[in-house]
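Just so it is clear, the values below take in all heavy atoms, side chains as well, and ignore hydrogens, waters and symmetry mates. Proteins come first, then strands; the chains are lettered A, B, ... in the order of their sequence lines, and each starts at number 1.
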Amino acid sequence: MTDVSSSTSLRTHRCGDLRVADVGSTVTVCGWVAKRREHGEHLAFVDLRDHTGLIQCVVPGSVDVRSEYVVSVTGVVRLRPEGTENSDLATGAVEVGECAVEILNIAEPPPFPVDDRGDVDEVIRLRHRFVDLRRPRMQANLRLRAKVNSALRSAMDRQGFVEVETPLLWAPTPEGAREFAVPSRLSRGSCYVLPQSPQLAKQLLMVGGVDRYYQIARCLRDEDLRADRQFEFTQLDIEASFVTQEDVLSFVTEAVLDAAEAATGERPAGVARMTWAEAIDRYGSDKPDIRFGMELIDLSGVFAGTEVKAFASPCVKAIVVEGGASLSRSRLDAHTERAKSLGAKGLAWFRVTANETDGGLALDSPLDRFLSDDERAGLLATTKATSGDLVLVVADEHRLACSVLGQLRLDIGGRPVSEGPYRYLWVVDFPMFDGVDDHGHPVAAHHPFTMPNPEDLDLLETDPASVRSQAYDLVLNGWELGSGSVRIHRSDIQSRVFAALGISDEEAAARFGFLLGAFRFGAPPHAGFAVGIDRLVAIFAGEDSIREVIAFPKTQSGSDPMTGAPKPLEPGQLAALGLQPVPQKLD
RNA sequence: GGACCUGUGGUGCAGUUUGGAGUGCACGCCGGCCUGUCAAGCCGGAGGUCGCGGGUUCAAAUCCCGUCAGGUCCGCCA
């Protein structure tokens, strides 16, 4: 493989590129000493590593290099002697012989092994991230990420999108995620905020006639961190004019499938689709992992009018754990505790066993003696559970019963997100509102600029909870990869939505005045989406944490073990910004 | 704000349940030997605030309380 970047003024080849075809060539390779093996004063091996891999260099004498020394090695590529080939190395058929070694820089012993064998404590890796990044795993992850970015850009370019950069210093728009504030030096006491996303900016670009915008955009949210969440993350941000939801789904599908193909070498067959209501009902989640079954089963009919107090609820749902009858009582208790911590009043379990006398099925459960014969038969028939299975039942309000069982389904049957196969899913028809705030007003499920489903417009004033929106999520293996919506471009509809949200005209003007003002000057119909690139790359890389695909991530408490951030500012810096620390409250 | 898990030479672990000398394993590191190794091999050596603080005890890596750091999760993430 030829590559214009492989040779430089200091090297002729990259370590991992040397092959039998190079035999006879005099080469110079540069890199880090991965290993030195001395065999007395007449022979030494130096394994040299760069980002492409390892090459064995043979030195006719002893050589005073240590692990991670930076060296330049010049020698002649030759076949390895018969029987000494190393099939574990891509370069294992050859070696660089008669080597002269020039030390470019010495190095202290690394704080941990610079290879992919074994795990190292993450805080130690992060403290020495510059060493960690030399490991093949991290090199592969960074390069995979670049490849995904490139595929996404190319897909958007091809589809007529134009890349536009938007400000990092934006105005506070209190709504949704907590924002990072940046104090202004020139305007003391005032702050910019770092964008949670370029949401408003990209809508303004639509008003500005950009037509199709995209950006690989950094987003910042001051919320608690998780395996799939960092303060800073990166989205493929998209907005387009004169489009419908279907157009957006098509744009994003194209980009994501291109990225998948670039990353994995295989183009996914497509993206499944499901309504939000179906996702909740069948999987108890708005981001269902559809790699496995164990779907929620509705037993409300079976227990309608039941005498069993625990099941006297609007909704009775169940999951079947195949072979789960062998779970110990302590495991079942743990699941019950988990269900309670998720808000359920309790968890009923039924072990399904073979009835020894007639060969039929029997239930083993503390609740069994309270069940009528019809309920017992109905439970078995509806769940299709068989001998050796375990049936877990939650009775509650519909949403709660679904979400609790959905979580138990993942606890019991879930697999790491990065484990194949990749199952992409569009979740569509999200509700417009989700829950109510302290004042009893509905809360926007997506954001307040989301267009309601036209069929449900007239429910805005009468039954807001049942209004569907034109909002949609992309889900992969149970992770939310991104979300988007058709936006409201007409002020009459926007006013009705603000009214439903309990946002007054004055409040709306104060928060989003610049956007609403802009919309008076000719806002086209528009819609958009944003894909979480960290999550996408992590899954492609086989990683279960996005930290593994970010060069310099933060810990769960938001610190950086390498730089020590966050740190107090010098008094002078504080003064220049007009800031004064407030002493910590003592409890 | 909350739940759970983890913290032992540079690295990864065992030891903690049932208190008894910083005991052990692998890697790395330092020195010596070694002409075909590749997780090289052989010989020798150095390296410890058992995260930190307090308590119980004749005695604490081990039990108790607190605290710090890291992780997973709930809340939070329009």
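Picking from B/U35, B/G12, B/C74 the nucleotide with the shortest atom distance to the side chain of A/L43 gives B/U35. Of the candidate nucleotides B/C77, B/U11, B/C29, B/C77 has the atom lying nearest to any side-chain atom of A/R221. Comparing atom distances between the A/D121 side chain and each of B/G12, B/G70, B/C38 picks out B/G12 as nearest. Minimum atom distance to the side chain of A/D224 is reached by B/G75, of the listed B/U37, B/G75, B/U35. Distances from the side chain of A/V58 to the nucleotides B/C76, B/G36, B/C38 place B/G36 closest. The nucleotide whose nearest atom lies closest to any side-chain atom of A/R547 is, among B/C76, B/U37, B/U72, B/U72. Closest to the A/E223 side chain, of the nucleotides B/G12, B/U72, B/C77, is B/C77. Residue A/T84 has its side chain nearest to B/U37 when only B/U11, B/G31, B/U37 are considered. The side chain of A/R338 sits closest to B/C73 out of B/C38, B/C77, B/C73. Across B/G70, B/U37, B/C76, the shortest atom-to-atom separation from the side chain of A/F45 is found for B/U37.
OP1 and OP2 of B/C38 both lie 4.0 Å or more from every side-chain N or O belonging to A/T91. Between B/A40 and A/R37, a contact under 4.0 Å exists linking OP1 or OP2 to a side-chain N or O. Within the 4.0 Å cut-off from OP1 or OP2 of B/C29, at least one side-chain nitrogen or oxygen of A/S67 is found. Look at A/K35 and you'll find a side-chain N or O under 4.0 angstrom from OP1 or OP2 of B/G28. Listed pair A/Q556 / B/U72 meets the phosphate criterion, a side-chain N or O lying under 4.0 Å from OP1 or OP2. A/R226 has no side-chain polar atom (N or O) that falls below the 4.0 Å cut-off from OP1 or OP2 of B/C76. Between A/S557 and the phosphate of B/G70, there is a side-chain N or O to OP1/OP2 separation shorter than 4.0 Å. The phosphate of B/G70 has OP1 or OP2 within less than 4.0 Å of a side-chain N or O from A/T555.
For the pair A/R487 and A/F519, the cation-pi test (distance below 6.0 Å, angle within 45°) is failed.
Taking the six-membered ring where tryptophan is involved, the planes of A/H128 and A/F130 are perpendicular, since the angle between them exceeds 60° and thus also 30°.
Between the base of B/G36 and the side chain of A/R78 there is a donor-acceptor pair shorter than 3.5 Å. A/E95 contributes a side-chain N or O that forms a donor-acceptor pair with the base of B/G36 under 3.5 Å.
Using a 4.0 Å heavy-atom distance criterion, A/D119 is classed as a sugar-phosphate-only contact.
The 5' end of RNA chain B is approached more closely, in terms of each residue's nearest nucleotide, by A/F112 than by the other of A/P81 and A/F112.
A centroid separation of 6.0 Å or more is found between the aromatic rings of A/F430 and A/Y472.
At least one donor-acceptor pair closer than 3.5 Å links the side chain of A/T52 to the backbone N or O of A/G16.
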